[in-house]
Structures are given as structure tokens and as C-alpha cells.
Amino acid sequence: MRFVDRVDELGALFGLAERGSGVPVYLYGPEGCGKTRLLREFARRLSGREGYLVVYIDALEERDPGRAIYGSEELRRLLVEAARGASGSLGAVLAYAVTRVLAGVEKRLVRGKHVVVVVDDVARPIGLDSVEAYVKSLLRLLEYDLAEKEPASALLVASTSEGLSLERLRRHPTWLGLRLLWGMPRDGFEELASILGAPSRDAVEEAWELTGGNPRALIQIATIYQWSTEAWLHDLDISVVVPVLARIRAEGLLEELHTLLEDPDAAVTRASPRLQRLVRLLTEHNLFIYKAATTLAGKPLPPSPEQGIGEYYAWQLPAYRTLLQERLQAKK
Ligand SMILES: Nc1ncnc2c1ncn2[C@@H]1O[C@H](COP(=O)(O)OP(=O)(O)OP(=O)(O)O)[C@@H](O)[C@H]1O
Ligand SMILES: [Mg+2]
């Protein structure tokens, strides 16, 4: 499917690529919000540009080099070479190799170039315990090893949907620039819906209200469920909401769930040990997310109570909130 919208986000990334970022950019956002598609598009458009040295690494790819890495030929070749023979998942091996290779590469390859490295989906394959050390290694690369080779600029981007990784990185505000990506804005969402053959304006409206602009959820509704949001909600309920609700019940956190369903920001404004336990549980299950960081486009994501988006926290999909509310009301 053709790439839609994201004009502001691409503009911000191109600007960073030209100026350099000083510290690594850590891009995070809900599952399926469009991080990978955006970063791939960015790397693809840049790799053809004169004066740019670009590499994109999919840290989650286990073994296929064609999928795990692409970008400027010379750098790509050095990385594939460095990863040869290493044990473990290829994406994770490449994520580590890129810091070594760029630190050791000949100066002539880098000097005067705009260097751009994207490591997508980084937190899970390297492990939450290693996220801090990994981001620090990217920082060291920017501040010292690459700087010595006199690039025109350097931008390192790492991305994840793993909300718990933020807990580790929050302790090091000077190590990185935290940026949020959310689902599509309304216009882009409507364009995507029309490409996907939306049957009516009402269908688009309903999908918007339930997904909050999440492109993957929209694609699921359009393809697997042929625009039946009822069938989509049913499966989401059975596969996600029922088991998570059972966990919440078992932990004795139903009261806290009521509180967060009413106001996600209660996680901050009415913080208590029990609410924090619930926030952690919901974050771990990718239902809830900290969203107060500046977006990649440079503005904060505005609160939207009807979509379960607060100033600090949000439900990853409005549908999770709706389904949990329905189950609590029905006491099921
Ligand atoms: N701007 C866009 N134009 C067209 N399709 C898009 C766009 N953004 C995302 N998509 C599509 O939506 C789906 C989910 O996007 P993507 O894989 O980028 O999400 P993600 O944020 O990387 O998810 P995850 O957290 O699971 O890694 C993909 O099929 C992707 O092609
Ligand atoms: Mg992704």
C-alpha cells in the first residue's frame, strides 16, 4: 500500500538528518502506530541522496539479511560482513555491530557525509536490561567515535513500542531525545481508509473512534474483518481484554481500573502504589502508554478524553477502554 501522510514527521526527520541530533533520538509509540513504515520510508528516501550515508536495521528480524538491513551499499556490506558468523538473532547482532563498525570505519567513508542510522524495534531483541547500555553506546558513538571522523552531521534513531523501556531511560535524560509517534492524523487516516475501500463515511468514523488513528488496527478492520468493527471488537475482547481483565482481578486492582478508565492521568494525579502496579501491568500488555513526550512533529499530542488520551497517559487504542468498560458494567 502506498505511503500516506506523515508530512510533518518526515520533515522533522529530514531536518534532523541534515543538522545532526547531538544525542540519539528514541522514538516510541503504540504498537502498530506506524513507526516502522515511517522510518523505512525516511531511510529509503534518504539513501538515494548525494552526500548521505544511511543504514536501516530491523532489530527484530531473526535471520534474513535482505530484511534486516538496507541502505548505503558500502556501509551495508561492512555490517553484513561484521555480523557473519555471529550467533543469535541477526537483527540484534546488527544493532550492536553498527556501533562497532561505525567506530572503526575508515575516515574517508564518513568525512563530510550526513550519517543516518536507524535501529527499529530495538528494545525487545536486545532485552530491557540492556536498553540503557545500548543507548549509551549510541551516545558514545555520536559524541566521540563518529565525531572524530568529521561527518557533516550524524543522526542515530532507535525505536520501540516497549513502554517499559522508558522506565529505564527516564533516569538518563541527557543521553537521548525522547520523541513520541502516535497514529495517523484524521486526514491521513481517511486517506488510508479510502485506499482500503471503506464502504461509507460512517464506517470510517466508527473506525476512527475505535482505533484513534492506528493504521495497523485500521488495516485489520478493513482486511481480515471486511469493515465489521463488531467482529474486530469481539476478537480483541476475547484475545486481549478477557485475559488481561482476569489478571487485573487476580491482582485485586479492579477499583484502580475504574479510576484509569475514567481518567488515564489518574496514574499521575492520583498516584498510589496500587495504581502504579496497574499502570505497569497495562503497559506491559501494551494497552496503556506514557504519552507526554513531544511528538516527532514537534507538538504535544493533545488530550482527548473521548479517546482515552490524557495529558500524560493514554489507552493505546480507544477500543481497549470501551471493551473494558463494557465488561466492568456487565460484571463479566
Ligand atoms: N503512513 C502510512 N501509510 C501507509 N501505511 C502505513 C503508514 N503507516 C503505517 N502503515 C501501515 O500500518 C501497519 C503498521 O505500521 P508499522 O508496522 O509501521 O507499525 P509499528 O509502529 O512499527 O508497529 P510495531 O510497534 O508493532 O512495530 C503496516 O502495515 C504499515 O504498512
Ligand atoms: Mg515496527
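When a ligand or atom number is given, it counts from 1 through the structure's own listing order. Just the heavy atoms: all of them, side chains too, but no hydrogens, waters or symmetry mates, feed the values below.
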| ligand 1 contacted by Glu41 (non-hydrogen, < 4.0 Å) | no
| request: Any chance you could lay out the side-chain hydrogen bond (donor to acceptor under 3.5 Å, both in side chains) test for Tyr26 and Ser165, step after step, and finish with the verdict? | output: CA-CA 10 Å; Tyr26 198 74; Ser165 66; 2.8 Å; yes
| query | Among all protein non-hydrogen atoms, which one is nearest to atom 25 (O) of ligand 1, and what is the separation to 0.1 Å? | reply | Lys35 NZ, 2.9 Å
| query | Can Asp5 be said to touch ligand 1, with heavy atoms closer than 4.0 Å? | reply | no
| query | Below 4.0 Å from any atom of ligand 1, is there a heavy atom belonging to Met1? | reply | no
| Between Arg40 and Asp120, is there a side-chain N and carboxylate O pair less than 4.0 Å apart? | no
| Of the choices Gly34, Ala217, Gly183, Ser159, which has the non-hydrogen atom that lies closest to atom 16 (P) of ligand 1? | Gly34
| field | Taking atom 3 (N) of ligand 1 as the reference point, the nearest protein heavy atom with its distance | value | Val4 N, 2.9 Å
| Does a side-chain heavy-atom distance below 4.5 Å link Thr283 with Tyr290? | no
| said: Applying a heavy-atom cut-off of 4.0 Å, say which part of Leu181 lies close to ligand 1: side chain, backbone, both or neither. | reply: neither
| Would a 4.5 Å heavy-atom cut-off, applied to side chains only, mark Glu74 and Glu106 as touching? | no
| said: I'd like to check Leu139 versus Tyr134 (side-chain heavy atoms, cut-off strictly below 4.5 Å). Are they in contact? | reply: no
| task | Starting from atom 4 (C) of ligand 1, find the nearest protein heavy-atom neighbour and note its residue, name and distance. | result | Arg2 O, 3.4 Å
| task | Look only at interatomic distance and state if Gly32 has a nitrogen or oxygen under 3.5 Å from any nitrogen or oxygen of ligand 1. | result | yes
| query | Just distances here: any N/O of Leu192 and N/O of ligand 1 closer than 3.5 Å? | reply | no
| query | Between Glu191, Arg37, Arg6, which one has a non-hydrogen atom sitting closest to atom 7 (C) of ligand 1? | reply | Arg37
| query | In the protein, what heavy atom is nearest to atom 27 (O) of ligand 1, and what distance, to one decimal place, separates them? | reply | Asp121 OD2, 3.3 Å
| Any donor-acceptor N or O pair under 3.5 Å, side chains His172, Glu132 | yes
| Do Leu39 and Tyr56 come within less than 4.5 Å of each other through their side chains, counting heavy atoms only? | yes
| said: Could you check whether any side-chain heavy atom of Leu53 comes within less than 4.5 Å of a side-chain heavy atom of Leu109, counting everything from C-beta outward? | reply: yes
| remark: For Ile219, the ligand 1 atoms with a heavy-atom partner under 4.0 Å come out as 11 (C), 12 (O), 13 (C), 29 (O)
| said: Show me which atoms of ligand 1 lie under 4.0 Å from any heavy atom of Ser161. | reply: 25 (O)
| field | Matching residue for Glu31 among Ile289, Asn286, Leu287 - test: side chain to side chain contact (heavy atoms under 4.5 Å, CB included) | value | Asn286
| field | Geometric class of the Phe42/Phe14 ring pair [parallel <30°, tilted 30-60°, perpendicular >60°] | value | tilted
| task | Using the six-membered ring wherever Trp is involved, compare the ring planes of Phe189 and Trp208 and label them parallel, tilted or perpendicular (cut-offs 30° and 60°). | result | perpendicular
| said: I want to confirm something. Looking only at heavy atoms, which of Arg216, Arg124, Glu162 is nearest to atom 26 (O) of ligand 1? | reply: Arg216
| field | Geometric N/O contact Phe3 with ligand 1, under 3.5 angstrom | value | no
| said: Report whether any nitrogen, oxygen or sulfur of Ser161 sits less than 2.8 Å from the Mg ion (ligand 2) (N, O or S, backbone or side chain). | reply: no
